[in-house]
Amino acid sequence: MKIALLGNPNTGKSSVFNMLTGLRQHVGNFPGVTVDKKVGILSIGEESHELIDFPGTYSIYPRSKDEEVVYKSISNKENQNYPDAVVVVIDVSNLERNLLLFSQVYDLQFPTVMVLNMTDLAKRKNISYSAEELQKLFPEARIVESNARVKMGKQHLLAALNDIPKRNGSTFLPAAKIAEIDDLETQQIETKKRFEKIKEAKPNFEQTMERVAPKTRQIDKILVHPFFGYVFFAVVLMIVFQFVYVFASIPMDLIDGTFSYLSTWMSGALPQGYLSDLITQGIIPGIGGVVIFIPQIALLFLFISILEETGYLSRVVFIMDRLMRPFGLNGKSVVPLMSSVACAIPGVMSARTIADWKERMITIMVAPLMSCSARIPVYTLLIALVIPNETVFGFMNLQGLVLFGLYALGTISALAIAIILKFIIKTKEQGFLMLEMPSYKFPKWQNVGLTVWEKVKVFVWDAGKIILAISILLWGLATFGPSEKMEEASVLARENGLELGLSDDEINQNVAAAKLENSYIGILGKGIEPVIEPLGYDWKIGISLITSFAAREVFVGSMATIYAVGDDSETSRSLMDKMRNEKRQDGTPVYSLATGVSLMIFYVFAMQCMATLAVVKRETKSWKWPLIQMGYMGILAYLGAFVTYLILV
Amino acid sequence: MKSSLSHIKNGEFVIIREILESSLKVKLLEMGLTVEKQIEVLYRAPFGGPIAIDVEGYVLSLRKDEAELVEVERIKSAQT
C-alpha cells in the first residue's frame with residue numbers, strides 16, 4: 001500500500017514521519033521539482049507499506065512550483081505517487097486552519113487518517129477540543145491522537161492504518177469537485193465555503209478562543225526587536241562560525257591524514273604501474289576530496305536544523321526580509337548566504353527552503369561568491385607573499401585589512417550580481433512571504449540527526465559521483481603526457497639531481513615537478529599562458545589554476561609540486577621562499593604586488609570548486625545553471641584580475 | 001471605519017472586513033485570514049519590513065504589500 005503523509009508546515013509532520021519509519025527511509029525525486037521525496041518503509045504486522053512524505057502545504061492547491069507535487073500526485077490516478085490512503089497531520093492548537101487541507105483530502109475520497117498532533121502544546125495553551133465532534137464532521141475518517149515529539153501515539157496510528165475504513169462517498173462539502181490547478185477563482189470560492197462550514201461547526205469541536213502563547217510573545221519581544229533582534233542574530237552567527245571553524249578542522253585534518261596514509265600504504269602494497277597510480281593518486285584522493293567536506297556540511301546543517309527546530313529561523317527571515325529585497329533576494333536567502341561563508345555546498349543545499357523559484361535561483365547563483373573557508377589557504381599564502389606586514393592608520397595590520405577587503409569584495413559582488421540577476425531572470429510566479437512563525441520549542445534531536453544524516457548522504461551520493469569523476473580526469477591529465485617528452489624530462493631531472501648530490505627526497509620532488517610540467521596539464525598550463533599573461537601570471541600559475549578547479553586550496557599543493565618542495569608542514573615556509581625568489585626573464589620577481597593581488601582577486605570571483613558545481617547541478621536539476629554560473633564567475637575573475645593588474649603594475 | 005492592515009499599530013486588535021482581489025487572495029484565505037476573523041498586530045520589522053499578526057493562536061508574518069490586501073476595522077480589545 002502506498003500511503004501519503006500530508007499536513008501544514010510546522011505541525012510536526014516530520015516527527016510523525018520519523019516516528020513511523022525511523023531509519024528506514026530514503027530520499028528520491030519528485031519529477032520536475034527540487035523538493036526531495038522522502039520515502040519510508042512502514043511495517044504493520046506482516047505487511048510493509050510505503051510512506052511518502054510530501055512537502056508541508058496549507059492547501060492541496062499549489063502556491064509555488066514545489067507544492068505542485070501534492071496536487072499532481074493526489075488528483076491524478078495515473079500519477080506514480082497516487083496514494084492508496086492518506087495520513088493528514090494536524091496541529092490541534094490550530095484546528096480551524098488545519099482542517100482546510102484535511103477536508104479537501106477527505107472530499108477526494110481517500111481512506112484518510114487524521115492525526116491530531118501536538119496534544120501537549122494544546123494542553124499548555126489550555127485549548128480543549130473534541131475528537132468525537134470531529135468524528136461527526138468526518139464520519140468516514142479514522143481519528144488518532146498523538147504527540148509525535150515524544151513518540152506518543154505510534155501504536156494507535158499503526159492500528160488505524162491497519163484497519164483504515166473504506167470510503168462510501170461521504171463528503172464535507174456537498175458535491176465537492178477538485179478545481180483546476182490554475183483556476184484561482186474556483187479555488188477561492190471553494191476555500192471560502194470550506195472555512196464557512198468549519199467555522200459553523202467550530203463551537204462544537206473547540207471551545208476556546210486562542211491567542212499566541214505569552215511565552216512566545218515574550219521571547220519574540222527580544223528576538224525580533226528592531227535593535228536587539230539583530231544583535232542576537234549576529235551573536236548566533238558568531239557562535240555558529242566559531243564552532244564550524246574550530247570543530248570542523250579536527251575531523252578534516254584526520255580525514256586528510258587518513259587518506260594520504262591510505263594512498264601511501266596502497267602504493268607500497270600494489271605492484272607499480274598506472275593501475276596503482278590510478279588508485280593511489282586518482283581514486284583515493286578523489287574519494288578523500290568528497291569525504292573532506294562532510295564535517296563542514298554536517299556541522300552547518302546541525303546548526304541550521306537546530307535553529308529551524310526551535311522556531312528561531314523564521315524570526316531571522318522576519319527581520320532580514322526587508323534588507324534582502326532590494327537585491328532580488330528574500331529573508332530566507334540569509335541562511336544560505338551566511339552558510340556559504342563557511343562553505344558554499346551546504347549554502348546551496350539549504351536554499352531549497354526558498355519557495356519562490358526566482359529568489360532561490362538568484363540565491364544559488366550568487367552563494368559561491370561569498371568567501372568560503374577553502375579560499376583561506378590561498379589568501380594566506382598570497383598575502384604573506386606580497387603584502388607587507390605593517391601597521392596602517394596607526395592601529396590596523398595591513399595584511400589583516402587586505403584579508404577583510406577580500407571578504408568584503410566577495411559579499412558586495414554577491415549582492416551586486418543578485419541585483420543584475422533580478423532583472424535578467426524572468427518568472428511568472430508572484431513572490432510572497434506569508435510565513436508562519438511557529439511557537440518556540442526545544443529541538444527534537446532525532447529530527448536534527450536525521451536531517452544532518454540525509455544532507456550528508458545526498459551530498460556524498462549525488463555530488464560525490466561528479467567530484468570523483470572530475471578528480472580522476474584531473475589525475476589523468478596530470479599523470480599522462482606525450483610519453484617520450486615526459487620520460488626524458490624525468491630522467492633528466494633525476495640525473496641532474498644525482499650530479500648535484502641532492503637527497504632522495506629532493507630528487508623525487510624535482511622529478512615530480514618535471515613530470516607535471518610535461519604532462520597534459522602542464523601543456524595546458526603553458527597553452528593558456530598567452531591568455532593569462534595580461535593578468536600577470538606565468539604558466540606555473542596556469543597549471544595551478546587548472547588543478548585547483550578541483551578545489552581552491554589545491555592551488556597551494558600544486559604550487560608545492562611545481563616548485564618541488566616537500567609535502568609537509570615545512571612546505572609553506574620553503575614554498576614561500578621559492579616563490580619569493582622566482583624571477584621573470586627580465587629579472588623582476590614573478591610574485592610582484594600586482595601579480596599577487598591580481599591572483600587574490602581571481603580567487604575571489606572564480607568558480608574554482610567542482611563540488612559546488614556538482615551540488616548546484618543537483619539543486620537546479622540541470623547542467624544549465626552550474627555552467628552559466630561557472631561562466632559568469634570566470635568572466636568576472638578574468639576581468640577583475642586584469643583590471644587589478646593594470647592598475648597595480 | 002475600514003483601513004488597511006498595514007496601517008494598524010502594534011498591539012491593536014482588528015476585525016477582517018475584506019480581502020482585496022489579487023492573485024494572493026486564495027493564499028491569504030488559506031492562511032486563515034477570513035472575513036470576520038479577529039486578529040492582533042504583534043510587531044513589525046524595521047525599515048518597512050514585514051508585520052507579524054496573531055491569527056487565533058498562531059503568528060503569521062506578512063510583507064507590507066501583502067498586508068495592504070487586507071481591509072480591517074479596529075476594535076477595542078479581544079472580544080470573546
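Throughout, a chain's letter reflects where its sequence line sits, starting with A, and its residues are numbered from 1.
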Check whether any side-chain heavy atom of A/Glu196 sits under 4.5 Å from a side-chain heavy atom of B/Thr34, and report yes or no.
no

I'd like to verify something: which residue of B/Pro46, B/Ala45, B/Gly57 has the highest number of heavy-atom pairs under 4.5 Å with chain A?
B/Gly57

For A/Arg63, is there an ion pair with B/Glu30 - N to carboxylate O distance below 4.0 angstrom?
yes

Should A/Glu96 and B/Lys37 count as an ion pair when the cut-off is N to O under 4.0 Å?
yes

Assert top hit (heavy-atom pairs under 4.5 Å, partner chain B, pool A/Val317, A/Asp220, A/Val224) equals A/Asp220

Top contributor to chain B interface from A/Asn94, A/Leu100, A/Thr57, A/Ile319 [non-hydrogen pairs under 4.5 Å]
A/Asn94

What verdict does the salt bridge (charged side-chain N to carboxylate O under 4.0 Å, His left out) test give for B/Glu40 and A/Arg217, after you've listed the backbone C-alpha separation in whole Å, the side-chain angles of each residue and the deciding distance to 0.1 Å?
CA-CA 12 Å; B/Glu40 180 190 350; A/Arg217 288 174 176 235; 2.7 Å; yes

Determine the minimum heavy-atom distance between A/Phe318 and B/Ile51, stating which atoms define it.
CE1-C, 3.6 Å

Which answer fits A/Leu101, side chain, backbone, both or neither, if we ask what part of it has an atom under 4.5 Å from a heavy atom of chain B?
neither

Listed by chain and number, what are the salt bridge (Lys or Arg N to Asp or Glu O under 4.0 Å) partners of B/Lys27, not counting sequence neighbours?
none

Would a distance-only check, ignoring hydrogens and angles, find a side-chain to backbone donor-acceptor pair under 3.5 Å from B/Ser61 to A/Leu435?
yes

Checking side-chain contact (heavy atoms from CB on, under 4.5 Å) for the pair B/Leu24/A/Met434: CA distance, chi angles, key distance, verdict?
CA-CA 10 Å; B/Leu24 289 178; A/Met434 266 186 265; 4.2 Å; yes

Are more than 12 heavy atoms from other residues, nucleotides or ligands located less than 6.0 Å from atom CD of A/Glu180?
no

Under 4.5 Å to a heavy atom of chain B? For A/Glu436 that would be both

Does any non-hydrogen side-chain atom of B/Arg63 lie less than 4.5 Å from one of A/Asp321?
yes

Rounded to the nearest 0.5 Å, how far does CD of B/Glu56 lie from CG of A/Leu95?
11.5 Å

With a 4.5 angstrom heavy-atom cut-off, could you sort out which part of A/Arg325 is near chain B: side chain, backbone, both or neither?
side chain

Which heavy atom of A/Arg322 sits nearest a heavy atom of B/Gly49, and at what distance?
CB-CA, 3.5 Å

Sorted by chain and number, sequence neighbours left out, side-chain hydrogen bond (donor to acceptor under 3.5 Å, both in side chains) with B/Glu66 holds for none

Contact summary for A/Thr191 and B/Val26, nearest pair of heavy atoms:
OG1-CG1, 3.9 Å

Side-chain heavy atoms of B/Leu29 within contact of A/Gln188, under 4.5 Å
yes

Once you measure the plane-to-plane angle for B/Phe47 and A/Tyr230, does it fall in the parallel (<30°), tilted (30-60°) or perpendicular (>60°) bin?
tilted

Which atoms of A/Phe432 come close to chain B, meaning under 4.5 Å heavy atom to heavy atom: side chain ones, backbone ones, both, or neither?
both

Does A/Arg97 qualify as a cation-pi partner of B/Tyr58, given the criterion of NZ or CZ under 6.0 Å from the six-membered ring centre and within 45 degrees of its axis?
yes

